[in-house]
Amino acid sequence: MSTDTLVSEAEFQSAARVLRSGGVVAFPTETYYGLAVDPFQQKAVSRLYQIKQRPGNLPILLLIRDTDQLPMVARSIPPLYQELIRRFWPGSLSLVFPAQSSCSSLLTGGTGTIAVRQSPHPLAHRLLTAFSGPITATSANISGQPAATTALEVHQTFGTLVDLIIDGGKTPGGQGSTLVEIRERNLCCLRQGKVDFSLVLKVAAAYNQATTRL
């Protein structure tokens, strides 16, 4: 039986209520377990940094349910990103966008940018659907320590500091998402992860060739 069917809708609704009240929810993704808070609640984001012992200059990655939610957090969408989204989302490719003014400097680490992806994990999707908005998806670990791949590891690391854990079984672990940004018109890999950056470059090259011919 799929782990997707083992988590009840009532649990997702409970998780959504936790998020709306400023709480922290741990949930499985296609890489590791992540820690979700409402990214638009400053106190919740601050609490997230505290429990992870994360330096304040490191931004927090976000998940969206679908591209309709992207304008909530991204001020603009570069045309190349539209092609990368079409080819790689849902998937383990995180794209760095200019952040909306609604994204606090704490959330962006003072960079003015925000990293976003759409997870293919069914339980992550169900949590986003229940919450009806973007969520944070920083890995479930103390900063600098290995990320959790099971609900038990989340509990052992954080205990009652996390308000609710959605147990989706063991996640693959290994690598996180690949993190990509456009800098001075060049596509840069900020972190190599599950998506091979060479594949991203091939898609970008084909896109640029096609648009040049137009």
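Numbers here simply count residues along the sequence, with the first being 1.
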For K52 and S143, test the side chains for any donor-to-acceptor distance below 3.5 angstrom and give the result as yes or no. no
What are the two closest non-hydrogen atoms of L164 and E11, and how far apart are they? CD2-OE2, 4.3 Å
We want to know whether T149 and E153 form a side-chain donor-acceptor pair, criterion being a heavy-atom distance below 3.5 angstrom. yes
Pairwise side-chain contact, L187 with L80, heavy-atom cut-off 4.5 Å (strictly under): yes
Pair R47 + D163: basic N to acidic O under 4.0 Å: yes
Ignoring hydrogens and geometry, is there a side-chain-to-backbone donor-acceptor pair from Y33 to K170 under 3.5 Å? no
So for atom CZ, which belongs to R87, do other residues, nucleotides or ligands contribute more than 12 heavy atoms lying within a distance under 6.0 Å? no
Are any side-chain N or O atoms of S21 and backbone N or O atoms of R17, one a donor and one an acceptor, separated by less than 3.5 Å? yes
Do Y32 side-chain atoms and T138 backbone N/O form a donor-acceptor pair below 3.5 Å? no
Same cluster or not: I135 versus M72, using hydrophobic residues (I, L, V, M, F, W, Y) connected whenever any side-chain heavy atoms lie under 4.5 Å apart? no
Please report the shortest heavy-atom distance between Y49 and I60, naming the atom on each side. OH-CG1, 3.5 Å
Between E9 and R126, does at least one N-O distance fall below 4.0 Å, as a salt bridge requires? yes
Can S177 and S92 be counted as having a side-chain donor-acceptor contact under 3.5 angstrom? no
Answer with yes or no whether the hydrophobic clustering places V195 together with L84; edges join I, L, V, M, F, W, Y residues whose side-chain heavy atoms lie under 4.5 Å apart. yes
Quick one: does R65's side chain have a donor or acceptor within less than 3.5 Å of a partner on Q118's backbone? no
Between Y81 and V200, is there a shared hydrophobic cluster once you connect ILVMFWY residues whose side-chain heavy atoms come closer than 4.5 Å? yes
Please say yes or no: joined through hydrophobic side-chain contacts below 4.5 Å, possibly via intermediate residues, are I165 and V18 part of one cluster? no
Using modelled atom types and a 3.5 Å cut-off, is there a donor and acceptor pairing between side-chain atoms of T178 and backbone atoms of G193? yes
Quick check: does any side chain N or O of S139 sit under 3.5 Å from a backbone N or O of N141, one acting as donor and the other as acceptor? no
Does the side chain of L179 come within less than 4.5 Å of C189's, by heavy atoms? no
Indicate if L61 and L35 have the same hydrophobic cluster label, given that clusters are the connected sets of ILVMFWY residues with side-chain heavy-atom separations under 4.5 angstrom. no
